[in-house]
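These numbers come from the heavy atoms of this one structure, side chains and all, not from hydrogens, waters or symmetry mates. Each chain gets a letter, A, B and so on, in the order the sequences are listed, and its residues count up from 1.
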Amino acid sequence: MIECGVIAADCYTENGNSMLRDQIQEIISGAVDAAKSAGQLPNIPIASPAIERPKQADHGDFSTNIALITAAAVKKETGDKVNPRQIAQAIVGHIPVDGLIGAVELAGPGFINIRLAERWLQHHVRAIIDAGDTFGNINRGDGARWQVEFVSANPTGPLHYGGARNAVLGDSLASVLEAAGYDVQREFYVNDVGNQLDLFAQTLYARYQQLYGQDVELPQDGYKGDYMIGYAQQIQAEVGESLLLLPRHTVLATLREKGLAIVLADLADELSLIGIRYDRWFSEQSLHDEGLVEQLLADLTEKGDIGEWDGARWFRASNYPKNDKDEVVVKSNGMPTYFASDIAYHYDKFVRRGFDRVVNIWAVDHQGHVPRMGAIMAALGLDPDRLVIVLYNLVKLLRDGQEVKMSKRSGDFLTLREVVEDVGADAVRFMLLTRGPESGIDFDLALAVEQKNENPVYYVQMNHARICSILLKAAEEGLAAGSAAQPGDDDALALLAHPTEFGLIRKILEMEEQIDFAVDKLSPHNLTHYAMELARSFSVFYDQCHVLKAEPDELRRARFLLCWAARTALARVLHLMGMSAPESM
RNA sequence: GCGCCCGUAGCUCAGUGGAUAGAGCAUUAGCUUGCGGAGCUAAGGGUCGUAGGUUCAAAUCCUACCGGGCGUACCA
């Protein structure tokens, strides 16, 4: 569902530190080279090894299958059968145990397990605190300019709950990309062209007339939701009855414009309820107004990509890979299609604005449009890989176990605003973010309200608040200096020794890998699981290790710093997911 | 028909070709007179839809089938 070849070309941060996992990888590579030089390994090319996080704690912090891969490569190259454990032994002998690495073990069929040095873990608490709200950032993107276009719902009414999933996905993905070093722009494409908006204006007109007691019916297929009455009232408040006497076409033009402004304000307001704001709202109409659509159609016609038959103008998409049919760009009635705008829109994104990559978040019912987007890219002479479509599955609304079809036109739909009012913004975001995009969601509002206190987001936030409470109390009682480095801190941190203390530090250190993983998948849903694990790691530590009453003073200081680090990490992951990190609740 | 996606614990879902498949909720049994119990510990619960194949190694990759969702417009 995601066509994308994102490659971590460069994971180094400005100060020269790379991701922990990459540091391990470099050490392994170094050991392999050394083993080759010493004649202990045959000098054949070896695919880059996987550096993994073992599922079981007693397998260490990292493990690598390089010996298993190498054995297979040797067999393929020379026909000789080699014992992977022998190869592993040769490599292990060249892995330096100092600084970062505390222990190296050979295990199972030939895995090499690596344990981080306790001393390194203890002292890394300081680095976590100092990173603050940039903790976990990686430099994978190296400043590449990416755009995430999401929601882009028809501007004809409030956002329904399915659109909320799009919003949460897009916004959190954008945040994660920023954390991974990309320069990200959030964009909402406003479809202010076409007959949906005409119908919207006509409905608005009818509602407006009804406010003055006129017996007018809504247009057929018009927008039947009550919210249209509210919009009409806003118009009424602004212009009074002045529109009643004007000719119909004038009124419709006015209502189109004023109605659009009202809807966009409504959408922006609604999205702000879950903490989302856009860098740009891009008007489809503007592409027509400035003649870009027309110009590109002319260019593509000259190039032979557009032809005319059956009374319409067609884009020869079938000339491009993965496309088996052509697409209409200008209908036989002379009206350009949405697809024609898309050509201009993507030209604007890539050629004019120069985004290195654009990610569009689409509901899965638009999947049929994916191939032709590739054809647009190719026709414009652009690398299709620069456009990535993330498809997410639909949210099915249930009432009393029965499916309710959501439709703006029928007026029977649950809005984001309603859900946020009943369930809460953070809980809504968490719920929508927990699952992968390809997973379908059945949503029952009554059930969600009933279960809102069981939402794991409160567990995460409660642990954040709990830490804040400890830190506050420590300050009040004068038990610890602030988070700034103190002379004795190094010795103090070296006192951290309890398994739950190390467990917490280790869990916090996974942050950068979680961010990297979310970028790999172009989906941040792993962060919800990570946030729960992080909260649990703290909770377990809290249960086992007293902070304020810890003796001696140095240990209390060390645990105070560890709490600060945990708070830093919890706040960071909550913010990446677009949720609040409350100091009390 | 063809194309894409999904099928994992009672329910909702994670799971990067690796070692003993996990979490939340629910259930059961303990703990808690300690910095926030919205907590902690433990237990039960699985033919990873089915059948083949590739591999030293498959929930993961390939093929077929079964079941479900979506798509297949001069709509967006």
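Remark: A:Thr500 pairs with A:His498, A:Val540, A:Phe541, A:Gln544, A:Cys545 by the side-chain contact (heavy atoms from CB on, under 4.5 Å) rule, at least two apart or across chains. Residues passing the side-chain contact (heavy atoms from CB on, under 4.5 Å) test with A:Ala71 are A:Pro84, A:Ile87, sequence neighbours excluded. The ring pair (Phe, Tyr, Trp, His ring centres under 6.0 Å) search around A:Tyr345 returns A:Tyr189, A:Phe282, not counting sequence neighbours.
Between A:Gly108 and A:Asn195, it is A:Gly108 whose nearest contact on RNA chain B lies nearer the 5' terminus. Heavy-atom distances to RNA chain B give each of A:Asn113 and A:Glu583 a nearest nucleotide, and the one nearer the 5′ end belongs to A:Asn113.
Using C1' as the reference atom, B:G67 and B:A29 are 39 Å apart when rounded to the nearest Å. Comparing B:G53 with B:U16, their P atoms sit 25 Å apart, to the nearest whole Å. The C1' atoms of B:G36 and B:U28 are separated by 28 Å, rounded to the nearest whole Å. For the C1' atoms, the distance linking B:C35 with B:A23 amounts to 28 Å, nearest Å. Taking the C1' atom of each, B:C25 and B:G18 are spaced 30 Å apart, rounded to whole Å. With P as the reference atom, B:A57 and B:U20 are 14 Å apart, rounded to whole Å.
The shortest side-chain heavy-atom distance between A:Glu583 and A:Leu472 does not fall under the 4.5 Å cut-off.
No hydrogens or angles were tested; on distance alone, a donor-acceptor pair under 3.5 Å links the side chain of A:Gln367 to the base of B:G3.
Within the model, atoms CG of A:Leu398 and CG of A:Asp442 stand 5.0 Å from one another, a figure rounded to the nearest 0.5 Å.
Residue pairs that meet the ring pair (Phe, Tyr, Trp, His ring centres under 6.0 Å) test with at least one member in residues 511-533 of chain A, sequence neighbours left out, do not exist here. Among residue pairs with one or both ends in residues 325-344 of chain A, those qualifying as ring pair (Phe, Tyr, Trp, His ring centres under 6.0 Å) are A:Phe315-A:Phe339; sequence neighbours excluded. Residue pairs satisfying the salt bridge (Lys or Arg N to Asp or Glu O under 4.0 Å) criterion with at least one member in residues 538-554 of chain A, sequence neighbours excluded, are listed as follows: A:Asp553-A:Arg556.
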Using the 3.5 Å cut-off, write out each protein N or O paired with an N or O of nucleotides 15-18 of chain B and the distance between them.
from  : atom 1 : to       : atom 2 : distance (Å)
B:G15 : OP1    : A:His525 : NE2    : 2.9
B:G18 : OP2    : A:Glu52  : OE2    : 3.1
B:G18 : N7     : A:Asn65  : ND2    : 3.2

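Residue contacts shown for A:Ser63 include a base, since a base heavy atom lies under 4.0 Å away. In this structure, A:Asp310 reaches the bases: a heavy-atom distance under 4.0 Å links it to at least one base atom across the strands shown. At the heavy-atom level, A:Glu533 lies nowhere under 4.0 Å from the strands shown. At the heavy-atom level, A:His59 lies under 4.0 Å from base atoms of the strands shown.
Rounded to an integer number of Å, the gap from NE2 of A:His366 to P of B:C75 is 14 Å. Computed from coordinates, the A:Arg435 CZ to B:C13 C1' distance equals 7 Å when rounded to whole Å. Distance A:Asp58 CG to B:A19 P: 13 Å, rounded to the nearest Å. Atom CG in A:Leu555 sits roughly 18 Å away from atom P in B:C35 (whole-Å rounding). Atom CZ of A:Arg85 is separated from atom C1' of B:A19 by 12 Å (rounded to the nearest Å). Rounded to whole angstrom, the span from the CG atom of A:Leu433 across to the C1' atom of B:C13 amounts to 13 Å. In this structure, A:Asp442 places its CG atom 13 Å from P of B:C11, rounding to the nearest Å. Separating the CG atom of A:Asp342 from the P atom of B:C74 is a distance of 16 Å, rounded to the nearest angstrom.
Salt-bridge check for A:Asp192 with A:Arg256: failed, with every basic side-chain N at 4.0 Å or more from each acidic carboxylate O.
For the pair A:Arg536 and B:C40, the criterion of a side-chain N or O lying under 4.0 Å from OP1 or OP2 is met. Taking 4.0 angstrom as the limit, A:Tyr459 places a side-chain polar atom (N or O) nearer than this to OP1 or OP2 of B:C40. Contact annotation: A:Ser439 does not reach the phosphate of B:C5 (side-chain N/O to OP1 or OP2, under 4.0 Å). Distances shorter than 4.0 Å separate none of the side-chain N or O atoms of A:Lys322 from OP1 or OP2 on B:G3.
For CD of A:Glu294, the number of neighbouring non-hydrogen atoms (other residues, nucleotides, ligands) closer than 6.0 Å is 12 at most.
For RNA chain B, the neighbouring residues in residues 538-548 of chain A, judged by any heavy atom under 4.0 Å, are A:Ser539, A:Val540, A:Tyr542, A:Asp543, A:Cys545, A:His546, A:Val547, A:Leu548.
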Show every donor-acceptor pair shorter than 3.5 Å between a side-chain atom in residues 56-68 of chain A and any protein atom, with sequence neighbours excluded, or say none if there are none.
from    : atom 1 : to       : atom 2 : distance (Å)
A:Asp61 : OD1    : A:Arg506 : NE     : 2.5
A:Asp61 : OD2    : A:Leu116 : N      : 2.7
A:Asp61 : OD2    : A:Arg506 : NE     : 3.4
A:Asp61 : OD2    : A:Arg506 : NH2    : 3.1
A:Thr64 : OG1    : A:Ala50  : O      : 3.2
A:Thr64 : OG1    : A:Ile66  : N      : 3.2
A:Asn65 : OD1    : A:Ala50  : N      : 3.3

What pairs of donor and acceptor atoms, side-chain ones from residues 475-483 of chain A against any protein atom, are under 3.5 angstrom apart with sequence neighbours left out?
none

Only pairs under 3.5 Å count here: list side-chain donor-acceptor contacts from residues 445-456 of chain A, not counting sequence neighbours, and write none if there are none.
from     : atom 1 : to       : atom 2 : distance (Å)
A:Lys452 : NZ     : A:Asp422 : O      : 3.3
A:Asn455 : OD1    : A:Val457 : N      : 2.9
A:Asn455 : ND2    : A:Ala427 : O      : 3.1

Dot-bracket for RNA chain B, 5' to 3', counting Watson-Crick or G-U wobble pairs under 3.5 Å, with [ ] for crossing pairs and | for inter-strand pairs? (((((((..((((....[...)))).(((((.......))))).....(((((..]....))))))))))))....
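Residue A:Lys473 has its side chain nearest to B:G36 when only B:G36, B:C70, B:U72 are considered.
Cation-pi geometry between A:Arg466 and A:Phe538 is not satisfied (NZ or CZ under 6.0 Å from the ring centre, within 45° of the ring normal).
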